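Bear in mind that the values here come from a model prediction, so they are computed numbers and not experimental data.
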Amino acid sequence: CSETAQEQISAVYLLFSSFGTFCKKDKRCAKKMHRNEDNMYKSYSMELCGRTLTVDVGRVAAQANGAAFMHYGDTVVLSTATASEEPRDGIDFFPLSVEYEEKMYAVGKIPGGFNKREGKASEHAILTSRVIDRPMRPLFPKDYRNDVTLNNMVMSVDPDCSPEITAMLGSAIATCISDIPFDGPTASTRVGMVDGELVFNPTSAQRAVSDLELTVASTRDKVIMIEAGANEIPEAKMIEAIYMAHDINQTIIEFIDKIVAEVGKEKHTYVSCAVPAEMFEAMKKIVTPEQMEEAVFTDDKQTREKNIDEVTEKMAEAFADNEEWLAVLGEAVYQYQKKTVRKMILKDHKRPDGRAINQIRPLSAEVDLIPRVHGSAMFTRGQTQICDVVTLAPLSEAQKVDGLDDNVTTKRYIHQYNFPSYSVGETKPSRGPGRREIGHGALAEKALVPVLPSEEEFPYAIRAVSETFESNGSTSMASTCASCMSLMAAGVPIKRMVAGISCGLVTGDTDDDYIVLTDIQGLEDFFGDMDFKVTGTTEGITAIQMDIKIHGLTRPIVEEAIARTREARLFIMDTCMKPAIAEPRKTVGEYAPKIIQTTIDPAKIGEVVGQRGKTINAIIDECGVKIDITDDGFVSVCGLDQAGMDQAMKYIKTIVNDFVEGEIYEGKVVSIKEFGAFIEFAPGKEGMVHISKVANERIEHVEDVLTLGDHVKCKCMGKDKMGRISFSIKDAQ
């Protein structure tokens with residue numbers, strides 16, 4: 001709006017306010033316009049890992065509750081934070097939405113497809129949104145029910161300056177300077193490892209050769225989020241990387257504090273949705289703490305849910321005349337359960353299913369349970385059960401990736417995860433994978449990529465699909481175990497076995513008052529403070545994902561969780577996975593495609609392909625195979641019939657190799673002339689046999705001996721007087 005328009009709106013607002021007839025929506029608009037009248041464009045900069053980070057406040061998006069125009073090198077991200085005026089009715093959770101929008105113009109591309117505009121978020125954008133969400137969500141008030149949206153629009157990408165980290169910082173800054181209640185700030189740093197040395201916010205070239213991709217988010221005192229993919233990094237090195245990043249984050253937080261001190265808005269008041277304290281007291285008289293313990297402490301999820309339903313019905317009958325309490329009864333029962341479970345775990349070291357603090361639920365594993373697929377395995381841990389199926393295909397079927405990172409254009413290994421409603425005893429229609437499913441699939445994918453063979457060692461595209469049969473805690477880690485076994489059953493020569501496990505946490509009133517739980521089930525996840533997932537081999541860590549509900553973890557908690565997960569995953573491999581399948585099978589299965597390879601002179605690729613693909617398509621049709629040729633002359637022939645594959649490879653070698661005098665070749669008669677016959681040795685490659693070389697005896701007509709389509713053996717006789725390669729049938733007999 002222009003200054004004149006702002007003045008007019010302010011005047012109208014004052015006029016109608018005096019009569020008390022100003023509508024709620026217009027009042028909100030006028031409030032925002034008034035709030036922005038005094039805003040001035042301010043810019044703040046700091047040096048971050050060798051590049052300049054600049055934050056512009058008040059320059060754009062003035063009607064958002066908070067907006068930060070972020071510049072990191074030439075990377076530009078607009079981060080905004082907006083909140084509704086009133087809480088959303090009828091919900092018992094904080095409605096936070098985080099968006100990460102990839103604009104293709106940011107890298108000078110026009111989107112593909114007919115519409116030529118960005119469509120639904122890519123998987124990478126969804127995963128980035130989840131990483132932004134995890135350190136932010138715990139810092140909003142627990143009783144806050146206003147809708148909040150954090151939007152991050154990537155407008156320019158400098159390959160050396162991560163737009164993901166820029167967006168994480170932008171979301172934190174936009175929320176901190178807004179009037180939205182938030183106990184920040186947070187700061188985030190990415191860590192790589194090149195030649196054994198840690199690098200921070202690595203460049204594009206460094207990321208390409210890095211053995212580590214670690215993102216760490218911190219508050220002023222603690223680590224609040226960890227996300228990692230690693231090439232079997234030892235635990236001690238991982239902890240070192242985490243806390244070096246944490247130290248860098250402290251310098252960023254000082255920078256954010258300076259911005260907030262100058263332009264931060266006063267936090268607005270809100271309607272608390274906390275359960276009244278007097279309601280809890282009344283509930284304890286209806287269902288005593290001892291009775292609640294008896295209801296929740298069972299190792300069977302269905303039994304527990306039935307017990308809680310009975311408790312809820314009892315409460316509803318008692319509060320039938322109190323509409324206010326009935327409206328929050330579900331949340332109240334949830335909080336009562338939570339207090340009960342946390343107290344028993346923390347004070348009495350008693351878990352709901354009776355396990356010891358470091359005890360893993362019963363394990364079982366099997367392979368080859370699904371016939372005719374290329375590889376299958378099932379992994380069960382307590383009431384969590386995953387079936388994974390592997391499919392192998394030629395490299396030409398690798399997934400194409402269209403995004404902001406030009407270094408990643410295809411994915412050879414694809415891991416997908418499905419979570420049907422029946423796995424938790426519910427009924428709802430399937431609408432495709434949500435953000436949770438995409439995140440779990442990506443975590444298991446990240447866990448297994450470091451142990452996959454190279455394309456030269458195993459020239460296949462690989463798809464693993466994890467089907468959740470039953471869920472009661474940490475299905476992503478069960479998916480990792482099942483996928484590892486399924487890959488081995490399919491004959492994929494992985495370097496080492498990978499397993500995963502999740503640790504939980506219950507904290508008390510002080511930093512020293514806590515307990516770490518190995519292998520958390522659903523109830524301990526819901527009511528606990530942490531879900532710390534770690535995957536790895538005997539040599540080190542391959543992936544980490546940490547979700548918490550509190551304001552960060554101390555170093556002793558992080559170290560204990562990492563140590564506990566190593567102990568657990570080694571136990572899982574030794575006692576469960578290895579008895580089912582100890583090592584990868586030596587060959588792929590009966591129904592999997594086979595691949596044979598060779599290399600040719602890149603200059604001869606055109607001869608194999610032929611004009612408009614005529615030659616290569618003829619080979620494919622005749623032999624029933626798939627053929628892939630790379631620009632550097634690497635040829636893969638894929639098929640189910642070994643004879644057809646061998647024939648295709650023979651054709652290719654015949655096409656690219658020169659005829660050798662004295663060698664015997666096989667071919668088909670494709671043309672007969674008065675002076676001889678033309679023999680096709682491979683599609684597009686022919687030679688001529690003179691009539692005098694057709695038979696030992698003299699013949700008048702070639703047709704007396706040969707007919708079209710005959711398969712014959714010919715000997716190369718070298719060049720004739722005119723420099724042409726000639727062949728002889730009679731000399732090959």
So, does [X] use its side chain to make a donor-acceptor pair with the main chain of [Y] at under 3.5 Å?
| X | Y | answer |
| --- | --- | --- |
| Q206 | T203 | yes |
| T149 | T82 | no |
| N65 | S178 | no |
| E164 | V131 | no |

Inset, instruction - Apply the test side chain to side chain donor-acceptor pair (under 3.5 Å) to residues E445 and Y417: give CA-CA distance (whole Å), side-chain angles for both, the deciding distance (0.1 Å), then the verdict. - result: CA-CA 10 Å; E445 180 177 293; Y417 165 100; over 6 Å; no
Inset, instruction - Name the orientation class of the two ring planes belonging to F94 and F140 (parallel below 30°, tilted from 30 to 60°, perpendicular beyond 60°). - result: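 Geometry flag for F140 against F94: tilted rings.
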Crowding at [atom1], [X] (>12 non-hydrogen neighbours, <6.0 Å):
| X | atom1 | result |
| --- | --- | --- |
| E197 | CD | no |
| F526 | CZ | no |
| K116 | NZ | yes |
| K142 | NZ | yes |

Inset, instruction - With D547 as reference, evaluate R134, R137, R130, R436 under the salt bridge (Lys or Arg N to Asp or Glu O under 4.0 Å) test and give the passing residue. - result: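 The option that passes is R134.
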Carboxylate-amine/guanidinium proximity below 4.0 Å for [X] and [Y]:
| X | Y | result |
| --- | --- | --- |
| E227 | K446 | yes |
| E240 | K237 | yes |
| D158 | R51 | no |
| R145 | D92 | no |
| D179 | K267 | no |
| K103 | E101 | yes |
| E559 | R566 | no |
| D531 | K549 | no |
| R435 | E99 | yes |

[X] and [Y]: which non-hydrogen atoms are nearest, and at how many Å?
| X | Y | value |
| --- | --- | --- |
| L553 | M530 | CD1-SD, 3.5 Å |
| D147 | P95 | OD1-CB, 3.4 Å |
| L169 | S188 | CD2-N, 3.4 Å |
| N146 | S84 | ND2-O, 2.9 Å |

Legend entry - Sole candidate of I557, T554, I548 that passes side chain to side chain contact (heavy atoms under 4.5 Å, CB included) when paired with K222: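 Among the candidates, only T554 passes.
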Inset, instruction - Report yes if some heavy atom in the side chain of N249 is under 4.5 Å from a heavy atom in the side chain of T251; otherwise report no. - result: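 Of all side-chain heavy-atom pairs linking T251 with N249, none is under 4.5 Å.
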Legend entry - Atom pair CZ (F532) and CE (M546), whose distance is rounded to the nearest 0.5 Å: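 F532 atom CZ to M546 atom CE measures 6.0 Å (nearest 0.5 Å).
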Legend entry - Sole residue of T80, T166, N152 in side chain to side chain donor-acceptor pair (under 3.5 Å) with S171: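 For S171, the side chain to side chain donor-acceptor pair (under 3.5 Å) test succeeds with only one of T80, T166, N152, which is N152.
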Inset, instruction - Measure from NZ or CZ of R463 to the centre of the six-membered ring of Y413, then state whether that distance is under 6.0 Å and the direction lies within 45° of the axis. - result: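 No cation-pi geometry.
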Inset, instruction - Could you walk me through whether Y100 and N151 pass the side chain to side chain donor-acceptor pair (under 3.5 Å) test, one step at a time? - result: CA-CA 6 Å; Y100 178 82; N151 188 280; over 6 Å; no
Legend entry - Worked check of side chain to side chain donor-acceptor pair (under 3.5 Å) between Y270 and D143: CA-CA 9 Å; Y270 64 92; D143 57 343; 2.8 Å; yes
